Amino acid sequence: MVTIQGEKNPFIRNVFTLNSCAPIVATDVLEYYDEGNMLQAWCDFVVEADPDVIIGYNIANFDLPYLIDRATHLKVTRFPYFGRMKGTKVEVRDTRFSSKAYGTRENKATNIDGRIQFDMLQVMQRDHRLRSYTLNSVCAHFLGEQKEDVHHSIITDLHNGNPETRRRLAIYCLKDAYLPQRLMDKLMCLINYLEMARVTGVPFSYLLSRGQQIKVISQLYRKAIEQDFVIPARKNVEGMDEPFEGATVIDPEKGFYNVPITTLDFSSLYPSIMMAHNLCYTTLVDQREIENLNLKNDSDYIVTPYQSARFVKAEVRKGLLPSILEDLLSARKKAKADLKKETDPFKRAVLDGRQLALKISANSVYGFTGASAGQMPCLEISASVTAYGRQMIEQTKREVESRFTMENGYKHDAQVIYGDTDSVMVKFGVDNLVDAMKLGQEAAEYVTGKFLRPIKLEFEKVYFPYLLINKKRYAGLYWTNSEKWDKLDTKGIETVRRDNCLLVQNVIETCLRKVLIDRDVSGAVAYAKKIISDLLQNKIDMSQLVITKALSKSDYSAKQPHVELAERMRKRDPGSAPTLGDRVAYVIIKGTKGAAAYEKSEDPIYVLENNIPIDTSYYLENQLSKPLLRIFEPILGDKAESLLSGDHTRVVQHTTPTIGGLMKFAVIVPTCLGCKVPLTKNADTVVCRHCKPKLGELYQKQLSTVNEFETRFARLWTQCQRCQGSLHQDVLCSSRDCPIWYMRKKAQKDVQDASAVLEKFNYEW
DNA sequence: GTTTCGACCTAG
DNA sequence: TCAGCTAGGTCGAAAC
């Protein structure tokens, strides 16, 4: 039902994992035959166990509100009092959180005073960019194990079944509670969040319910009070919402470089600019103040490149922001030093995450000053920072290109081929790593000398070879020492984007590895051709073709595949349809000729259940071809075109639908049976407005298809989804010939895993 | 048929 | 008192 675990941290008494399915099952185990009694017993148990922290997966938006609702419905009036404040009722309220970084999301918030809630789903969504955030896929990603999802619609059946089905349900519930805890332990989420709360001085709950601003504000308050500053309650400045110019991205010299490309980076560029020039609210001065205080240019204050904004020097008054930044960066330095010493790969990942978090926190100080919708926007600071940054990257380019020349005794003229914000990629013209690194070191030191402390240009890595596709898009083999490369680094291209299908990601990744690591261009071409051929012959697993996109708005102006699908799913089953902020998974199915993509998107599970054919040519033309051409064109030139034509594209296998009526229905839905006009808005009417006057026979036909479909769909839970053989247990097929018989194996393993869990906690059933 | 623009996601 | 920033590529629907 619940798992309780003591934490190493002496301040946390225990951590409590919640899964609201559990009480339902517990009716058997605990002999509370009345659900109301059971809920009350659960509440009493929580009070007795007195947890400091309650964790779970999606507890904030599902389990807690569900329990409260259920108790209200059953009139268990004493239930909502499991917080630590006696007499304070636990209540659920709706909130809406909207941020550019985290997206817009409708949330429920439950107050359980005195107990921390830590929803691992929210943690995962904030800290990790994943394609899917189901417990299943997150665990597969981080723990290498998964549970089969139990569709909510069969939970009641499992419960009302027999001891065996209830046992199965109980195991699911236990795993549901156990996996979030494993996840939390392995990623050290709780510890990292506690540290973040300590560093920034915000209440723990803010870390999951609020954004970056509150953290900066909080640090600002801390520093301000030390120096007897009072922060104005709210600055109501008009015209603060005008945009300001950001960073420079140097025009790339696109192409494939089979020579070492040296990368030079400013470390923490924006924070170091703010520190170097003492930029802060407390150091900004205007003409009147300069006159009143008799300040002198250069010796007392500096003029920045943004509209001649003026700031006093640190000797006159040290700014609050620069000292906050110093704290954050020294903490990061320590994390990085620890990282160097640590050998355990997982702790390394954690330390790496921590230093990244501190870096993000430091960077968001600049973002905070530029947040026009925020509490203390100050364009003088943010725009000065970016203006300095632009000057610096330009100057760096000039310095490198003017010093490393044949005229100055070097073997070649250096050329900056690309740069973004705080980095420059330099082609020194040498053909080996040792020289490229030596020159990089020399250049970094040379350029650093041209700037104020603590601004520092660092040599970190060499790319060799390097494929520069466009601004913010490149790939290269990453070297930090000349003996062995570190990794294949890709930026911006399909391998790191989540809005492509896995097929594209894998093909591009493999081709890049073949080209950049194995130096086998013809092998890469052959591989790409093979995949294209497989795709057109339907040999690619559907899981490779699933595309996911975030549903980020509630009102869209243009039609899109994932938005239309979410709407259709809501009509089928409002309970399991994606909601605002969720990622919608879809595949593109065959439809009428010329139909738009948004008419051909479909839920992968639905497609699997109904054996709907996939539009493979869409995947070739709209998903694979352009990314492939982009990486092969710089290498092969015009010959790259041959990838997309030739014998391998000729063999096209047309799958014939195996379940006629079903198939027809599924494919026909998006268009009118009468005139083939796509049905856009009222797809549930099945016939378009144009045809409506003469429904008659056509409508009847459609209705019977609908009926047939619904009957068969309802039976799917007792039939195998592929071969229609009868299922003796849940979704396990009885026929070994069935193409999805492996599901049985998976499920068996699942039971074994869960049994091990049971044993560990000495549960008896 | 071409251009514009909204949406998504990423780089830094 | 909800909400870090700008630059930029790419895709596909809508507008022309």
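The structure presented is a predicted model; accordingly, all values stated were derived computationally and were not measured. Keep in mind that the numbers below use all heavy atoms, side chains included, and drop hydrogens, waters and symmetry copies. Lettering follows sequence order; numbering is per chain, from 1.
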Legend entry - is_close_aromatic(A/F451, A/F266), centroid dist under 6.0 Å: yes
Inset, instruction - Report which part of the nucleic acid A/R497 touches: base, sugar-phosphate, or nothing (heavy-atom distance under 4.0 Å, all strands). - result: base
Inset, instruction - Figure out the CD/P separation between A/E633 and C/dT10, and round it to whole Å. - result: 12 Å
Inset, instruction - Answer yes or no for A/K461 and A/Y478: cation-pi contact, defined as NZ/CZ to six-membered ring centre under 6.0 Å and angle to ring axis within 45°. - result: no
Legend entry - 5'-most by nearest nucleotide on DNA chain C - A/V249 or A/Y366: A/Y366
Inset, instruction - Could you tell me whether the side chain of A/Y366 and the main chain of A/A362 form a donor-acceptor pair under 3.5 Å? - result: no
Inset, instruction - Examine distances only and state if a side-chain atom of A/N506 and a backbone atom of A/L503 form a donor-acceptor pair shorter than 3.5 Å. - result: no
Inset, instruction - Take the protein atom NZ of A/K215 and the nucleotide atom P of C/dC2, then report the distance between them rounded to whole Å. - result: 18 Å
Inset, instruction - Examine C/dG8: is either OP1 or OP2 under 4.0 Å from a nitrogen or oxygen in the side chain of A/Y418? Give yes or no. - result: no
Inset, instruction - Decide yes or no on side-chain contact (heavy atoms from CB on, under 4.5 Å) for A/Y281 and A/L320, but give the supporting numbers first. - result: CA-CA 8 Å; A/Y281 302 94; A/L320 301 177; over 6 Å; no
Inset, instruction - Verify, without hydrogens or angle tests, whether A/T283 (side chain) and A/N278 (backbone) share a donor-acceptor contact under 3.5 angstrom. - result: yes
Inset, instruction - Look at the side-chain N and O atoms of A/N470 and state whether any lies under 4.0 Å from the OP1 or OP2 oxygen of C/dT10. - result: yes
Legend entry - Closest nucleotide among C/dA3, C/dG4, C/dA7 to the A/A371 side chain: C/dG4
Inset, instruction - Quick one: label A/V216 by what it contacts on the DNA or RNA (base, sugar-phosphate, nothing), any heavy atom closer than 4.0 Å. - result: nothing
Legend entry - C/dA3 OP1/OP2 closer than 4.0 Å to side-chain N/O of A/R210: yes
Legend entry - Nearest-Å distance for atom pair CG/P, residues A/D499 and C/dG8: 19 Å
Inset, instruction - Pick base, sugar-phosphate or nothing for A/S382, based on heavy-atom distances below 4.0 Å to the nucleic acid. - result: nothing
Legend entry - Start and end of the DNA chain B segment that chain A contacts, any atom under 4.0 Å from a heavy atom: B/dG6 to B/dG12
Inset, instruction - Please tell me which of A/F368 and A/P627 maps to the more 5' nucleotide of DNA chain C, matching each residue to the nucleotide holding its nearest heavy atom. - result: A/F368
Legend entry - Short side-chain N/O contact from A/R96 to OP1 or OP2 of C/dA3, under 4.0 Å: no
Inset, instruction - Give a yes/no on whether any side-chain N or O of A/K471 is located under 4.0 angstrom from OP1 or OP2 of C/dG8. - result: yes
Legend entry - Whole angstrom value for the distance that separates P of C/dG8 from CD1 of A/I493: 19 Å
Inset, instruction - Taking only Lys NZ, Arg NE, NH1 and NH2, and the carboxylate oxygens of Asp or Glu, determine whether A/K559 and A/E599 approach each other closer than 4.0 Å. - result: no
Inset, instruction - Measure from the side chain of A/A597, starting at C-beta and using heavy atoms only, and say which of C/dA13, C/dA3, C/dG8 lies closest. - result: C/dA13
Inset, instruction - Look at all strands and tell whether A/K472 reaches a base, only sugar-phosphate, or nothing, counting heavy atoms closer than 4.0 Å. - result: base
Inset, instruction - Could you check whether A/Y556 gets within reach of a base, just the sugar-phosphate, or nothing at all, counting any heavy atom under 4.0 Å? - result: sugar-phosphate
